[in-house]
> 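Here it is: the structure, laid out below.
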Amino acid sequence: MSFHPTMPYGTEGWHRSMRATLPEGPVFAFSAEARAKFEEFAAHYAPEHRKSAVLHALYLAQEAQGYITNNVTRHVADVIGCTTAEVEDVVSYYVMFHRNPVGKYVLQVCTTLSCALAGAERVVEELQNTLGIKAGETDPTGMFTIQQMECLGACDRAPVMMVNNDRWHEHLAPGAAAALVDQIRTAGLNALGGCHLAIEGRPESEWKGKTTTPVKPKAVPDYEPVLTKYAFTPGGAEFDHYVKNQAGYEGLRKALAMTPDAVIEDVKKSGLRGRGGAGFPTGLKWQFVDKKSPKPKFIVCNADESEPGTFKDHLLMERNPHLLVEGCLIGCYAIGSKAAYIYIRGEFYHLFPAMQKAIDDARKAGFVGQNILGSGFDCEVYLHRGAGAYEAGEETALLESLEGKRAQPRFKPPFPAVEGAWGCPTAVNNVETLCNVPLVMTRGSEWFASMGPEKNGGPKLFCVSGAVKRPGVFEAPMKVTLKELIYDYAGGPLDGRTLKAVIPGGSSVPILLPDQIDIPASFDDVQRAGSLLGSAAIIVLDDTTDMVWLADNLLHFYRHESCGKCTPCREGTDWLYRILHRMMAGQATEKDIALLGSVADQINGKSLCAFGDAAATPVLTTLRFFKPEFEAYVNGTQPTPAAYRAQSPTSAEAAGKPAGTH
């Protein structure tokens, strides 16, 4: 429910913590086919947890009618068996549900940092000029709506546009948007390029010779990829290929021959740490699960990859889905669970077929379902689609969303290991984390631990985006240095440009300067340098980057993505965004610089989850290292906007607004 009365927010009129007013709309009811689809999906949950299928029901309704109305929420509530208010609360929160009529094609342009550095503001500007509308509006023909989106998780393909919550178009360069609009008018969704990871059927020139290891780390010159060795091999995601080339499901077979406690001990010995951001030891997390509880236990896979600059889990799910399925199954066996739920962010809907096929093929082969491999172990693996909320990446907020509620964090304790999904003991693990589990089983904990620095073992995926020649996902042990990843793997800064700063672990971690990056890219080494490895999302900034603009861009993201539950976050992110926006417009005073630091300090460490710290970081870290740039704005000598920035302040303002459908 709402946590505060309606109030204006900066330059925008909507915030996800507010209750939306829905139009009444036409009479609505599911068709027989849609109702059957819903019931099939709802069967993934216990009857008393039927509300967990509410997002799926709303997607079905939106697919049928185009947007969500009061009549839709009433019908969905009747079908699920909950109150209309509970459904309305969900609709108000998630950005992928349209709350007013939209065009036939909703052009959803990512404008968060990596895409913005590649010209996303200019793309929005060009779309606006071509269609004669502003972001958030629908053109007079009813064919196109422009919607600004936060990070879509394809930062190496920037700028990226999603259409109708599903289809993608990558590398939409400024200057090409008008032509693409014309092509969509003629060819519809077939005009879109799609996701480059779906290599089957794409021209050979797009994938042949591609690799996640273009060079070898100096500390491990004989390193061969294991997580992504077949990422760009046609058919590499298929069951038969996985079994033949990756010892597929042998890790599960070995685990089933051990006791659950022995499996946990092996994972603990390996030193496997969570790859989602926190770096918490995986075996220890599994050990904490309350196995004496009479309630069911669950593995929940956090595939809500939303941290700006992060796109590694996307690659794993699209190109090596069986590795994730096997990791889920081993995790379930270790903690005594009979079901795993893979919570995938709503924007990744295009990879659902690959994941579902992997689950279905594993079931046909006897690795999912009843009495797996004759061991007496029963286990199911289910997919669950989110609906656009960065906060769902926080483990307890993800569990709330899984239960059919707003993705807002819970108070801890109790921790998920004691009371998680539906009040039952739960282990929440990241995609890459679970993909490493079969390797621990088949290759041994000693092999895994020996691969990296102490307590930083195993293979690791790194995302490099921003101002580099070859952005992408790269695999290496954590003995590789940040400098190697930027200069050797990703090709270094663009021609004629110099390195200005690096964000080493996604937008929520402190900046490192060029003289700080010749260090191992491990959890502990990056922390000693004054930052965090986080999700290993390395965003490279060159000498064209205006650091005040960068802080403004990221605070737009955090203000938009705040769940609204905590006052410091809800109010503080808006205040920071307002001040930065005023500064960008040349209307700030010297007092605003001190005010920025003060507001950020009032957020930092004072929110229910780590979101507050993340939101304050872009301001605190840029003020620390680049304060003269803030002073230049105050003194009226702000730099000329770089080529990737919008050409007019009005266009930049429009690009910063959410679609009117929100």
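Just so it is clear, the structure is predicted and the values come from calculations on it, not from any experiment.
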> Would you please classify the geometry between the Phe474 ring and the Tyr489 ring as parallel, tilted or perpendicular, with 30° and 60° separating the classes?
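Rings of Tyr489 and Phe474: perpendicular, as their planes differ by over 60°.
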
> Taking NZ, NE, NH1 and NH2 as the nitrogens, is one of them in Lys285 or Glu395 under 4.0 Å from a carboxylate oxygen of the other?
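Salt bridge: yes.
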
> Sub-3.5 Å donor-acceptor pair from the side chain of Glu126 to the main-chain atoms of Gly175, do we have one?
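Flag set: sc Glu126 to bb Gly175 pair under 3.5 Å.
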
> Counting distance only, does the side-chain N/O of Arg122 pair as donor-acceptor with the main-chain N or O of Pro174 below 3.5 Å?
no

> Does some side-chain heavy atom of Asn436 sit less than 4.5 Å from a side-chain heavy atom of Leu434?
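When only atoms from C-beta onward are counted, Asn436 and Leu434 do not touch, as no gap falls below 4.5 Å.
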
> Got a sec, which residues hit side chain to side chain contact (heavy atoms under 4.5 Å, CB included) with Ser507, two or more places apart in sequence or on another chain?
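If we apply the side chain to side chain contact (heavy atoms under 4.5 Å, CB included) test to Ser507, skipping adjacent residues, the hits are Glu307, Pro308, Leu554, Tyr558.
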
> Answer yes if the ring centres of Tyr242 and Tyr230 are under 6.0 angstrom apart, and no otherwise.
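So the answer is no for these two rings.
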
> Between His171 and Ala158, what is the shortest heavy-atom contact and its length?
ND1-O, 3.3 Å

> Please report the closest heavy-atom contact between Ile503 and Gly506, naming both atoms and the distance.
CG2-O, 3.0 Å

> Compile the donor-acceptor pairs under 3.5 Å between side chains in residues 445-455 and protein atoms, sequence neighbours left out, one pair per line.
{"residue": "Ser450", "atom": "OG", "partner": "Glu446", "partner atom": "O", "Å": "3.2"}
{"residue": "Ser450", "atom": "OG", "partner": "Trp447", "partner atom": "O", "Å": "2.9"}

> Can you confirm whether or not the ring centre of Phe352 sits under 6.0 Å from the ring centre of Tyr349?
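Yes.
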
> Could you list the residues that satisfy side chain to side chain contact (heavy atoms under 4.5 Å, CB included) with Ala278, not counting sequence neighbours?
none

> Is Lys357 paired with Asp361 through a side-chain N to carboxylate O contact shorter than 4.0 Å?
yes

> Using modelled atom types only, decide if a donor and an acceptor are shared between the side chain of Glu484 and the backbone of Thr481 within a distance under 3.5 Å.
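Looks like yes, one N/O pair under 3.5 Å.
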
> Give me the atom names and distance for the closest heavy-atom approach of Thr310 to Ser535.
OG1-OG, 2.8 Å

> Just wondering, do Val480 and Tyr223 contact through their side chains at under 4.5 Å, heavy atoms?
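Answer no - side chains too far apart.
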
> Please identify each residue that fulfils side chain to side chain donor-acceptor pair (under 3.5 Å) with His169, with sequence neighbours left out.
none

> Could you work out, with side chain to side chain donor-acceptor pair (under 3.5 Å) as the rule, every residue matching Lys627, not counting sequence neighbours?
none

> Using modelled atom types and a 3.5 Å cut-off, is there a donor and acceptor pairing between side-chain atoms of Thr617 and backbone atoms of Pro510?
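No, because the side chain of Thr617 does not come within donor-acceptor range (under 3.5 Å) of the backbone of Pro510.
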
> Output all residues satisfying side chain to side chain contact (heavy atoms under 4.5 Å, CB included) with Glu206, sequence neighbours left out; order by chain, then residue number.
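Per chain and number, Glu206 pairs via side chain to side chain contact (heavy atoms under 4.5 Å, CB included) with Arg202, Pro203.
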
> Ring centroids only, cut at 6.0 angstrom: are Trp549 and His556 within range, meaning strictly under it?
no

> Just grab all the salt bridge (Lys or Arg N to Asp or Glu O under 4.0 Å) pairs involving residues 501-525, residues at least two apart or on different chains.
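Passing the test, one end in residues 501-525: Arg273-Asp524, Asp525-Arg528.
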
> Taking only residues two or more places apart in sequence or in another chain, which ones pass side chain to side chain donor-acceptor pair (under 3.5 Å) with Asp546?
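In terms of side chain to side chain donor-acceptor pair (under 3.5 Å), with neighbours along the sequence ignored, Asp546 is linked to Tyr633.
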
> Once rounded to the nearest 0.5 Å, what's the spacing between atom OG1 of Thr282 and atom CG of Leu272?
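Nearest 0.5 Å value for the OG1-CG distance: 3.5 Å.
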
> Do Leu227 and Asn320 have side chains that get closer than 4.5 Å, going by heavy atoms?
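When only atoms from C-beta onward are counted, Asn320 and Leu227 do not touch, as no gap falls below 4.5 Å.
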
> Verify, without hydrogens or angle tests, whether Thr233 (side chain) and Ala231 (backbone) share a donor-acceptor contact under 3.5 angstrom.
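A pair under 3.5 Å: no.
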
> For Asn604, does its backbone N or O pair with a side-chain atom of Asp613 as donor and acceptor, under 3.5 Å?
no

> Find the distance between CZ (Phe348) and CG (Asp304) and round it off to the nearest 0.5 Å.
8.5 Å

> For residues 317-327, pull every pair meeting salt bridge (Lys or Arg N to Asp or Glu O under 4.0 Å), keeping only residues two or more places apart or in separate chains.
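Every pair satisfying salt bridge (Lys or Arg N to Asp or Glu O under 4.0 Å) with a residue in residues 317-327: Glu200-Arg319.
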
> Can you confirm whether Ile342 sits close enough to Met355 that some side-chain heavy atom of one is under 4.5 Å from a side-chain heavy atom of the other?
yes

> Is the closest side-chain donor-acceptor distance between Asn430 and Glu305 under 3.5 Å?
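The criterion, which ignores hydrogens and geometry beyond distance, is not satisfied for Glu305 and Asn430.
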
> Can you confirm if the aromatic rings of His384 and Tyr341 lie within a centre distance of less than 6.0 Å?
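No - the distance between ring centres of Tyr341 and His384 does not fall below the 6.0 Å cut-off.
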
> Look only at the side chain of Tyr333 and the backbone of Met258, and say whether a donor-acceptor pair between them is shorter than 3.5 Å.
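The answer is yes, because a donor-acceptor pair under 3.5 Å joins these two groups.
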
> By the definition side chain to side chain contact (heavy atoms under 4.5 Å, CB included), identify the one residue from Asp542, Asp543, Ile517 that meets it with Leu499.
Ile517

> For the backbone of Met547 and the side chain of Thr545, can you confirm whether one donor and one acceptor N or O come within less than 3.5 Å of each other?
no

> Would you mind reporting whether Thr622 and Val548 have side-chain heavy atoms less than 4.5 Å apart?
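No - every pair of side-chain heavy atoms lies 4.5 Å or more apart.
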
> To the closest 0.5 Å, what do you measure between CG (Leu192) and CG (Leu180)?
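Separation between the atoms: 6.0 Å.
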
> Do the side chains of Met162 and Met149 get nearer than 4.5 Å, heavy atoms only?
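Counting from C-beta outward, Met149 and Met162 do come under 4.5 Å.
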
> Does the side chain of Asp313 come within less than 4.5 Å of Leu324's, by heavy atoms?
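No - every pair of side-chain heavy atoms lies 4.5 Å or more apart.
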
> Measuring only between side-chain heavy atoms, which start at C-beta, is Lys312 closer than 4.5 Å to Lys460?
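SC-SC contact between Lys312 and Lys460 confirmed.
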
> Roughly how far apart are Glu432 CD and Cys301 SG, rounded to 0.5 Å?
11.5 Å

> For Thr111, does its backbone N or O pair with a side-chain atom of Asn553 as donor and acceptor, under 3.5 Å?
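Here the side-chain-to-backbone pair exists.
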
> Under a 3.5 Å distance rule, please check whether Thr433 uses its side chain to pair with a backbone N or O of Arg275 as donor and acceptor.
yes

> Tell me the salt bridge (Lys or Arg N to Asp or Glu O under 4.0 Å) pairs involving residues 461-482, sequence neighbours left out?
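Sorted result for residues 461-482: Lys469-Asp495.
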
> Working to the nearest 0.5 Å, report the span between CE of Met317 and CG of Leu323.
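Spacing of CE (Met317) from CG (Leu323) equals 12.5 Å.
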
> Any carboxylate oxygen within less than 4.0 angstrom of a Lys/Arg side-chain nitrogen, looking at Lys500 and Glu629?
yes

> In chain order, what residues pass the side chain to side chain donor-acceptor pair (under 3.5 Å) check against Thr112, with sequence neighbours excluded?
Glu150

> Taking side chain to side chain contact (heavy atoms under 4.5 Å, CB included) as the test, write out the residues that go with Pro159, two or more places apart.
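Pro159: side chain to side chain contact (heavy atoms under 4.5 Å, CB included) contacts with Ala118, Ala120, Val123.
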
> Taking the ring of Phe367 and the ring of His322, is the distance between their centroids below 6.0 Å?
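That pair fails the under 6.0 Å test.
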
> Could you tell me the separation between the CG atom of Leu482 and the OG atom of Ser522, rounded to the nearest 0.5 Å?
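Result: 9.0 Å between the selected atoms.
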
> Should the pair Lys483-Asp488 be classified as a salt bridge under the 4.0 Å nitrogen-to-oxygen rule?
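Result for this pair is no, no salt bridge flagged.
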
